[in-house]
Chemist: 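Supplied in structure tokens, the structure appears directly below.
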There are 2 protein chains.
Amino acid sequence: MKTVVKKSRKQQIEEKATTLFQTRGYAATSMRNLAQDLGIEAASLYSHIKSKEEILQRICFRMAEEFYSAWQEVDQETGGNAAKMEKAMIAHIKVITKDTNASAVFFNEWRHLSEPFLSEFLAMRDDYEGRFKKILKDGMATGEFKLVDDKFMMLTILSSLNWTHNWYKPDGSLSPEEVGKRLSGLLLNGLNNN
Amino acid sequence: MKTVVKKSRKQQIEEKATTLFQTRGYAATSMRNLAQDLGIEAASLYSHIKSKEEILQRICFRMAEEFYSAWQEVDQETGGNAAKMEKAMIAHIKVITKDTNASAVFFNEWRHLSEPFLSEFLAMRDDYEGRFKKILKDGMATGEFKLVDDKFMMLTILSSLNWTHNWYKPDGSLSPEEVGKRLSGLLLNGLNNN
DNA sequence: ATCTCTTGCTAACGAACGTTAGTATGTTTA
DNA sequence: TAAACATACTAACGTTCGTTAGCAAGAGAT
């Protein structure tokens, strides 16, 4: 026996929109496209949502929240900075892989947010990136890490992590943890066989 | 004395469009936006170009050509696969940093190409990615590289490289070569201090 | 002097856009 | 049973979109 949890219409709209925004992009997705995919008229959407941009806002800020709450796991790590970095990378990957469509929208479509949401979004991103930089700086101070430009390094790490939404398949052989471990192993120890 | 090379109007249009496509996205950039930035009327654009999409096509395929011709340098490398990989990464970074705006369009807006251009574009991308995978496979066969999933590794490398267009500033302190060397050093040897 | 090329204009086209108003119907709650 | 809510409709709004037609003026080439 399985219990069917009924999704609210608003949630259904958000999910279809996420898929559409991911494949066609926010600006190239029309409300009529979205309505058609749901089998209703475009005007009917407005019984459930306030505007097209509201959908984008909800997607972007929900993802931001998920990245933030996943970080709690990282703060509990008491080992060294290498261990902490690995935890951070795995936590980050877990969030991305849980919903690759929403992640794609989060990473690619945020620029279509209007003010003040855009500024708020960018401030959160800066803060989040700062957390990675802090681990790097701490690890360099203790000698765990090589001395590199922390911003450069942070961008390299995050770009590798953030790209996973483009190729990760939930039905594939790799679990999110496994992907995170491999990525951290790679970035921390390199490809060369020493 | 300096010689002023007069740019054709078509070229000027392409350059302004590149900047606009990069900041607002292709779909969210209107021909009236573009015309206004050039100080003319939207209809006047059509004395020089056939369509909005033609501009996107020219940007995308010009960049593709540049990535391909930069690869010649890589094929001349006679050292090991680690050296070859470094050459490939530097060549790739050089192309990106030469025009970060066009690179951004190339990486983010190609999906708005219509057929048959979209298929042609994707085929080229597959081929290009295959070249990186080949170096990885060869290097793993000779024992230079650790045994990893070559596709996974290729995606990680290219995502790190391709993100540079987002932060590289030509007037900064790092030359393209320097960026490429640091990135390859990082990915080949890792961050850990051994 | 004529022709062609470049460059730009005004006016307008049909289509698509996001959104609102007003209404109807069935379902849940009080 | 009545009120409230959820859901969807038709019709239409004002705006913007990419693009075309037709015309005009200046520059360079023959």
Side-chain angles (χ1 to χ4, degrees), chain A residues 3-60 105 108-118, chain B residues 3-60 105 108-118:
Chain A
T3 45
V4 177
V5 179
K6 196 191 156 201
K7 284 176 188 160
S8 73
R9 202 59 165 135
K10 183 162 184 172
Q11 204 167 333
Q12 290 175 39
I13 291 171
E14 227 172 277
E15 284 173 23
K16 274 269 187 266
T18 303
T19 305
L20 279 171
F21 291 172
Q22 188 252 325
T23 50
R24 311 164 70 118
Y26 174 77
T29 300
S30 75
M31 296 304 272
R32 285 166 179 86
N33 289 151
L34 175 54
Q36 194 169 39
D37 270 27
L38 289 157
I40 60 175
E41 292 296 318
S44 306
L45 293 166
Y46 290 84
S47 298
H48 308 279
I49 57 157
K50 283 202 289 289
S51 66
K52 184 186 179 185
E53 204 197 304
E54 190 208 7
I55 306 177
L56 181 62
Q57 287 161 12
R58 292 176 63 96
I59 298 169
C60 288
V105 175
N108 301 322
E109 310 297 332
W110 55 265
R111 58 178 154 174
H112 296 109
L113 291 170
S114 62
E115 292 294 358
F117 304 100
L118 182 58
Chain B
T3 45
V4 176
V5 179
K6 195 190 156 202
K7 285 175 188 164
S8 74
R9 201 60 165 137
K10 183 162 184 171
Q11 205 168 333
Q12 290 176 39
I13 291 171
E14 229 171 275
E15 284 173 22
K16 274 268 187 265
T18 303
T19 304
L20 280 170
F21 291 172
Q22 188 252 325
T23 50
R24 309 165 70 117
Y26 174 77
T29 300
S30 75
M31 297 304 272
R32 286 169 179 84
N33 289 152
L34 176 53
Q36 193 169 38
D37 271 28
L38 289 157
I40 60 175
E41 292 297 318
S44 306
L45 292 166
Y46 291 83
S47 297
H48 308 279
I49 56 155
K50 283 202 288 289
S51 68
K52 184 186 179 186
E53 203 197 304
E54 188 209 11
I55 306 177
L56 181 63
Q57 287 161 13
R58 292 175 63 96
I59 297 170
C60 288
V105 175
N108 301 323
E109 310 298 332
W110 56 265
R111 57 180 156 172
H112 295 109
L113 291 169
S114 62
E115 294 290 359
F117 304 100
L118 182 59

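In what follows, chains are A, B, ... by sequence order, proteins preceding strands, each numbered from 1.
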Chemist: Quick check for you: among D:dA8, D:dG18, C:dG18, whose closest atom lies nearest to any side-chain atom of B:Ser30?
Modeler: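 Ranking D:dA8, D:dG18, C:dG18 by closest atom to the B:Ser30 side chain puts D:dG18 first.
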Chemist: Reckon B:His48 has a side-chain N or O less than 4.0 Å from the OP1 or OP2 of C:dT6?
Modeler: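 No, no such contact exists.
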Chemist: In terms of side-chain heavy atoms of A:Ser51, which of C:dC9, C:dT19, D:dT19 is nearest?
Modeler: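 Looking only at heavy atoms from C-beta outward on A:Ser51, the closest nucleotide is C:dT19.
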Chemist: Please confirm whether the backbone N or O of B:Thr19 pairs with a side-chain atom of B:Thr23, one donor and one acceptor, at under 3.5 Å?
Modeler: yes
Chemist: May I have the distance from A:Ile40 (atom CD1) to D:dA6 (atom C1'), rounded to whole angstrom?
Modeler: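 A:Ile40 atom CD1 is separated from D:dA6 atom C1' by 12 Å.
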Chemist: Return the 5'-most residue of the pair B:Glu41, A:Ala42 with respect to DNA chain C, ranking by each residue's nearest nucleotide.
Modeler: B:Glu41
Chemist: With no angle test and no hydrogens, is the base of D:dA8 tied to the side chain of A:Ser47 by a donor-acceptor pair under 3.5 Å?
Modeler: yes
Chemist: What's the CG-P distance between A:Asn33 and C:dC17, to the nearest Å?
Modeler: 6 Å
Chemist: Return the value, rounded to whole Å, for the distance between atom CG of A:Leu34 and atom P of C:dG18.
Modeler: 10 Å
Chemist: Does a nitrogen or oxygen in the side chain of A:Tyr46 sit under 4.0 Å from OP1 or OP2 of C:dT20?
Modeler: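 It does not, given that no N or O in the side chain of A:Tyr46 lies less than 4.0 Å from OP1 or OP2 of C:dT20.
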Chemist: Rounding to a whole Å, what distance do you find between B:Met31:CE and C:dA12:P?
Modeler: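 Taking atom P of C:dA12 as the reference, CE of B:Met31 is at 21 Å.
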Chemist: What integer distance in Å separates B:Glu54:CD from D:dT19:C1'?
Modeler: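 Whole-Å distance recorded here is 14 Å.
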Chemist: Ignoring hydrogens, what is the shortest heavy-atom contact between A:Ser51 and A:Tyr46? Give both atom names and the distance.
Modeler: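 For A:Ser51 versus A:Tyr46, the nearest heavy atoms are CA-CE2, 4.1 Å.
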Chemist: Between P on C:dA16 and NZ on A:Lys52, what's the gap in Å once rounded to a whole number?
Modeler: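 About 15 Å, once rounded to whole Å.
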Chemist: How many whole angstroms separate atom CG of B:Leu45 from atom P of D:dG18?
Modeler: 10 Å
Chemist: Would you indicate which nucleotide in D:dC9, C:dG8, C:dT20 comes nearest to any side-chain atom of A:Ala43?
Modeler: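 The nucleotide sitting nearest to the side chain is C:dT20.
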Chemist: Can the positive tip of B:Lys16 be found less than 6.0 Å from the middle of the six-membered ring of B:Phe21, inside 45° of the ring normal?
Modeler: no
Chemist: Out of C:dG18, D:dT20, D:dA8, which nucleotide sits closest to the side chain of A:Ser44?
Modeler: D:dA8
Chemist: Round to a whole Å and report the spacing from CD1 of B:Ile49 to C1' of C:dT7.
Modeler: 14 Å
Chemist: Inspect the contact between A:Lys10 and A:Glu54 and indicate whether a charged nitrogen and a carboxylate oxygen are less than 4.0 angstrom apart.
Modeler: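 Judged by the 4.0 Å cut-off on N to carboxylate O distance, A:Glu54 and A:Lys10 do form a salt bridge.
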Chemist: Quick check for you: among D:dA12, C:dC9, D:dG18, whose closest atom lies nearest to any side-chain atom of B:Arg32?
Modeler: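 So the nucleotide nearest the side chain must be D:dG18.
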Chemist: With heavy-atom distances below 4.5 Å as the criterion, would you say the side chains of A:Arg9 and A:Leu38 are in contact?
Modeler: yes
Chemist: Please tell me if B:Arg9 has a side-chain N or O lying less than 4.0 Å from either OP1 or OP2 of C:dG8.
Modeler: yes
